[in-house]
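Report on one structure; see the data block that follows.
Below, chain A is the first sequence line, B the second, and so on; all start at residue 1. From a predicted model like this one, the values you see are computed outputs, not experimental measurements.
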2 protein chains.
Amino acid sequence: MDSIQTRIERSNNMIKIPTIRRLPRYLRVLQSLSSSGREFVSSETLASLLNIKPIVVRKDLAFTGISGKPRVGYSITHLISLIEGTINFKGKNTAFLAGAGNLGSALLGYNGFARHGLDIIAAFDVDPQKTDTTIHGKSIYPLERMPEIASRLNPYIGILCVPEESAQQVADIMIASGIKGIWNFSNKELNVPPDVVLQNEDLGAGLAILSIAIEKSSRP
Amino acid sequence: MDSIQTRIERSNNMIKIPTIRRLPRYLRVLQSLSSSGREFVSSETLASLLNIKPIVVRKDLAFTGISGKPRVGYSITHLISLIEGTINFKGKNTAFLAGAGNLGSALLGYNGFARHGLDIIAAFDVDPQKTDTTIHGKSIYPLERMPEIASRLNPYIGILCVPEESAQQVADIMIASGIKGIWNFSNKELNVPPDVVLQNEDLGAGLAILSIAIEKSSRP
DNA sequence: AAAATATTGATATAAAAATATCGATATGAT
DNA sequence: ATCATATCGATATTTTTATATCAATATTTT
Ligand SMILES: NC(=O)c1ccc[n+]([C@@H]2O[C@H](COP(=O)([O-])OP(=O)(O)OC[C@H]3O[C@@H](n4cnc5c(N)ncnc54)[C@H](O)[C@@H]3O)[C@@H](O)[C@H]2O)c1
Ligand SMILES: NC(=O)c1ccc[n+]([C@@H]2O[C@H](COP(=O)([O-])OP(=O)(O)OC[C@H]3O[C@@H](n4cnc5c(N)ncnc54)[C@H](O)[C@@H]3O)[C@@H](O)[C@H]2O)c1
């Protein structure tokens, strides 16, 4: 059992989930500021751009290891590279995508993930109409070839966009192929072994929050 | 200024964001249990299905107003209707979607949102190749017709799937059309007036969490 | 009918996250 | 050169969220 002190230190040093969630937002506004020629930015400015409090910004940025200058703020290029270093898994976010349907195709065609270090290196489907074609320039392979192709390309992430009924089965194939984490867009609750990371992307959650917030705001 | 007591009471009664995020997950497993003929479910069972702790389930469900029976659990059909009542804004989640591109088309074709009470009643784009056609059975109108069509159909939610450059401009049109909340899939930080609810859907956030979690788990 | 047991829900505690306060310091102004 | 000020970052506090404990109770077993 850890001592209280150990636990306090660890909890102070470990980056927090809400902080991680905000890092991509900082990154995007910083890149935009950078391309407009700016060199430094204050926590105040970043905060107003993201509609959050400056103190939250300073706490978040501290986790990346940056040190700001009083009266000046943070170096934008330095901050960009520190945030990229924090979230980019050392440039190794190679991914396989399974299920090149409506959602899967949209993700395949989206280049915004490159900014976050993601590289979808192959896609898989069971539909013979789709296999051995390309979608948005990405090759679609038959699902059964995933283990073989994985052994050559060594993907880190599996992006799951198959229907709920086949989600667990395809997840199992991804895991057998050596994938380290699954980004699950199907709304199926998956079982994965403890050494595989599972990130569920539940759009219904965002909708529920919006729906309840609207109801509250329109009934004061 | 509120008294401490008032603040405590309010914070005890108000549904919490993490709870709201889990409600759609409960709903989906409950619907699946229900269709397999089951009548009651315990917090223990729900917890193991969602990979969370039973105490979290009981706290969450308490917000819906349900009362479970010791030794039996919760009535599944009753729970489903209470959760639907909590997140469905009284069945009025009518929406307009702007930007019928890769992502927008995927959302238009997704019927899983119906389960959460969402009904996309019209879509809008500026691309003349797309306007006055239908995608997945939904009519695509020219963007400039949004205010006029809104005045007839009274949408509550605006789903924003346009490129970042035009996101603010289209959001403004949505707001002028009387929309109460914006579900923003563009990665643009938007400015909206205080009476309009903004829900940002940032897929990069999920990716960042996954990426950092993989890195941690593979370096123990 | 009484006892055993599974499960809820109230109350208490701990951990995580957000917010407030303020001294330290780098820069620009006087 | 000194002063004024904007801004960071350390420390403290509050709020939110998760977790633990256990008495109350509905059901099953004996
Ligand atoms: N479309 C959306 O906007 C949206 C939103 C939220 C969640 N989702 C979820 O994403 C998933 C996909 O949704 P969609 O709308 O793209 O559906 P879709 O039917 O358009 O696409 C599913 C694709 O998966 C393929 N597939 C089926 N079984 C497979 C298997 N065993 N292995 C590999 N590929 C297989 C199909 O051939 C198809 O191409 C679903 O689980 C859905 O719930 C979709
Ligand atoms: N595709 C994805 O997987 C994905 C993921 C995350 C976020 N996003 C975001 O979603 C948005 C759309 O992405 P996409 O991949 O669907 O792009 P896309 O280019 O495929 O689609 C954009 C659509 O918006 C239309 N459009 C452009 N300007 C418009 C305007 N002023 N009014 C109405 N419609 C307009 C275009 O004609 C096009 O149909 C972007 O902001 C992107 O960053 C996309």
Side-chain angles (χ1 to χ4, degrees), chain A residues 1-23 25-26 38-76 78-79 82 205 209 212, chain B residues 1-23 25-26 38-76 78-79 82 205 209 212:
Chain A
M1 180 55 172
D2 294 334
S3 75
I4 288 175
Q5 194 49 44
T6 309
R7 292 209 312 272
I8 287 173
E9 276 172 14
R10 187 164 59 214
S11 94
N12 280 343
N13 295 335
M14 274 217 303
I15 190 164
K16 300 301 188 338
I17 301 276
T19 294
I20 300 175
R21 300 194 70 83
R22 284 185 292 264
L23 289 181
R25 300 175 62 196
Y26 296 123
R38 243 177 110 158
E39 283 194 65
F40 289 89
V41 67
S42 69
S43 60
E44 178 80 36
T45 303
L46 280 174
S48 89
L49 287 169
L50 300 215
N51 274 299
I52 58 182
K53 303 253 166 81
I55 178 70
V56 176
V57 174
R58 292 201 293 275
K59 285 268 184 153
D60 285 348
L61 299 191
F63 280 110
T64 69
I66 195 140
S67 153
K69 278 197 210 175
R71 192 96 203 225
V72 175
Y74 304 91
S75 151
I76 291 177
H78 191 201
L79 199 41
L82 284 174
I209 293 173
I212 290 177
Chain B
M1 179 61 174
D2 294 336
S3 75
I4 288 176
Q5 192 50 43
T6 309
R7 291 208 317 271
I8 288 174
E9 277 172 12
R10 185 164 62 212
S11 94
N12 281 343
N13 294 335
M14 273 216 303
I15 190 163
K16 298 302 185 339
I17 301 277
T19 295
I20 299 175
R21 298 194 71 84
R22 285 186 291 265
L23 290 181
R25 302 176 61 195
Y26 295 123
R38 242 176 110 158
E39 283 194 66
F40 289 89
V41 67
S42 69
S43 61
E44 178 81 35
T45 302
L46 280 174
S48 88
L49 287 169
L50 300 215
N51 274 298
I52 58 180
K53 304 254 166 78
I55 178 72
V56 176
V57 175
R58 292 202 292 276
K59 285 267 184 149
D60 285 346
L61 300 191
F63 280 108
T64 70
I66 194 138
S67 152
K69 278 196 209 177
R71 191 100 200 216
V72 174
Y74 304 90
S75 153
I76 291 178
H78 190 199
L79 199 40
L82 284 174
I209 293 173
I212 290 178

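- The base-pairing partner of C:dA1, taking Watson-Crick or G-U wobble contacts with both distances under 3.5 Å, is D:dT30.
- In this structure, CZ of A:F40 is placed 13 Å from P of C:dA26, rounded to the nearest angstrom.
- Within 4.0 Å of A:R21, counting heavy atoms only, lies no atom of the nucleic acid at all.
- Separation of atoms CG (B:N51) and CZ (B:R25) is listed at 7.5 Å; rounding is to 0.5 Å.
- Rounded to an integer number of Å, the gap from B:I66 CD1 to C:dT7 P is 16 Å.
- Contacts of A:T19 with the nucleic acid, taken as non-hydrogen atoms under 4.0 Å apart, are absent.
- Minimum interatomic distance between B:Y26 and B:V56 (heavy atoms only, all atoms of both residues): OH-O, 4.0 Å.
- Taking 4.0 angstrom as the limit, A:Y74 places a side-chain polar atom (N or O) nearer than this to OP1 or OP2 of D:dG9.
- Rounded to whole Å, the distance from CZ on A:F63 to P on C:dA18 is 10 Å.
- Between A:H78 atom NE2 and D:dC8 atom P the separation is 15 Å, expressed in whole Å.
- Between the P atom of D:dT17 and the CG atom of B:L23 lies a distance of 13 Å, rounded to the nearest Å.
- For B:R58, no side-chain nitrogen or oxygen approaches OP1 or OP2 of C:dA6 to under 4.0 Å.
- The distance from atom OG1 of B:T19 to atom CE of B:M14, rounded to the nearest 0.5 Å, is 11.5 Å.
- In this structure, A:L61 atom CG and C:dA17 atom C1' are separated by 16 Å, rounded to whole Å.
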Which atoms of nucleotides 2-5 of chain D (N or O only) lie under 3.5 Å from a protein N or O atom, and what are those distances?
unit_1	atom_1	unit_2	atom_2	d
D:dT5	O2	A:R71	NH1	2.6

